[in-house]
Amino acid sequence: MHAPRKFRKAFMAQLLVSLRAAGQASKSMGLRERRDAVRLSSDVAMALASARAAPRSWARALVARHAAERRNEALMRRIMGGAGYEMAAAAAAARSRKEARSRRIVRRSRRVCSGSAGRKRRGLLAAAASGGAGRCSAMAAARRMVTARLQVLKSLVPGGEALRGLSLLSETLDYVVCLKTQVELMQCLCRGSRPKLG
């Protein structure tokens, strides 16, 4: 967890640098492109400020996700510098290779498990679940609910797919605190940039 004032200060400094870089590129952009540039700037600023305080996997995953998109390359080079962008792009490429390999392994294991051995194993598990007392089925239902909610949480947090248990909860807590800070700083910038009428 970050020291709130220190993180806010680092985040604001990084956000201003990022928005300045996005502003230089925005002269030829449409409204939607500008919105995306502001979103990219604020996400990268949040991830970089967080990484300075304490390295987090969600921050690396967030930067890698943005670096994987070709349309973000020019702006990310301005924000992160050439070397920083190259490292993020390499991490994104490694992550996509790892995900493709994982998908192949899962597909292969499903094919193997869908054979007669898989049916027999599933039949044994179903028999054990239905033959147990009400307490066991309630525990199994609770376990399934927790597992389903953890899967949703893993899909919401960048880089959450690779995390388990307490590390997932810790990363989620840190990510939510950083998102809250991001929203507060963006609101502060919006309030400060509004023209005062009357």
Side-chain angles (χ1 to χ4, degrees), residues 1-4 7-8 11 15 35-36 38-69 72 88 91-115 117-187:
M1 200 73 151
H2 306 297
F7 171 69
R8 248 178 106 96
F11 182 28
L15 181 61
R35 182 201 64 199
D36 292 343
V38 169
R39 182 179 296 151
L40 171 70
S41 298
S42 101
D43 281 351
V44 171
M46 179 176 65
L48 293 176
S50 175
R52 283 192 186 125
R56 293 294 195 171
S57 63
W58 67 260
R60 288 187 298 272
L62 188 61
V63 170
R65 183 172 64 195
H66 285 303
E69 295 181 30
N72 295 336
R95 184 175 176 214
S96 68
R97 283 192 305 269
K98 188 176 181 181
E99 286 174 356
R101 183 172 174 243
S102 296
R103 281 193 295 269
R104 284 194 306 267
I105 291 170
V106 167
R107 254 187 267 130
R108 196 176 314 135
S109 68
R110 283 184 181 157
R111 269 186 258 137
V112 169
C113 288
S114 66
R119 281 189 291 273
K120 182 187 276 185
R121 183 170 163 246
R122 281 194 298 270
L124 289 173
L125 288 173
S130 65
R135 180 173 174 221
C136 290
S137 63
M139 285 175 51
R143 189 174 291 119
R144 280 193 305 271
M145 252 174 59
V146 168
T147 303
R149 288 183 179 167
L150 281 175
Q151 289 302 321
V152 169
L153 195 57
K154 285 181 180 186
S155 69
L156 293 174
V157 177
E161 301 86 17
L163 301 172
R164 298 174 193 243
L166 291 177
S167 61
L168 175 64
L169 294 176
S170 172
E171 290 281 333
T172 302
L173 179 64
D174 189 63
Y175 183 58
V176 168
V177 167
C178 289
L179 282 176
K180 182 176 182 266
T181 303
Q182 181 185 33
V183 168
E184 289 170 354
L185 288 177
M186 295 299 280
Q187 286 175 341

Can you give the donor-acceptor pairs under 3.5 Å from side chains of residues 146-154 to other protein atoms, not counting sequence neighbours?
{"residue": "T147", "atom": "OG1", "partner": "R143", "partner atom": "O", "Å": "2.8"}
{"residue": "K154", "atom": "NZ", "partner": "L163", "partner atom": "O", "Å": "3.3"}

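The side chain to side chain contact (heavy atoms under 4.5 Å, CB included) search around R144 returns A140, A141, not counting sequence neighbours. When the side chain to side chain contact (heavy atoms under 4.5 Å, CB included) test is applied to E184, the partners found at least two apart in sequence or on another chain are R8, K180. Scored by the side chain to side chain contact (heavy atoms under 4.5 Å, CB included) test, D43 finds R39, M46, L62, H66, Q182 as partners (sequence neighbours excluded). For the side-chain hydrogen bond (donor to acceptor under 3.5 Å, both in side chains) test, no residue two or more places apart in sequence or in another chain qualifies with T181. In terms of the side-chain hydrogen bond (donor to acceptor under 3.5 Å, both in side chains) criterion, S167 has no residue partners (sequence neighbours excluded).
Summarising the geometry, atom CG belonging to L168 is positioned 10.0 Å from atom CD belonging to E161; distances are rounded to the nearest 0.5 Å. Here the straight-line distance linking atom SG of C178 with atom CZ of F7 works out to 3.5 Å at 0.5 Å rounding.
Pairs engaging residues 152-171 under the ring-ring contact (aromatic ring centres under 6.0 Å, His included) rule: none recorded [sequence neighbours left out]. Sorted by first and then second residue, the ring-ring contact (aromatic ring centres under 6.0 Å, His included) pairs involving residues 142-179 (not counting sequence neighbours) are W58-Y175.
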I would like to know whether S170 and R56 meet side chain to side chain contact (heavy atoms under 4.5 Å, CB included); could you show each step before the answer?
-> CA-CA 10 Å; S170 172; R56 293 294 195 171; 3.4 Å; yes

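Across all their heavy atoms, A47 and V63 have their closest contact at CB-CG2, 3.5 Å.
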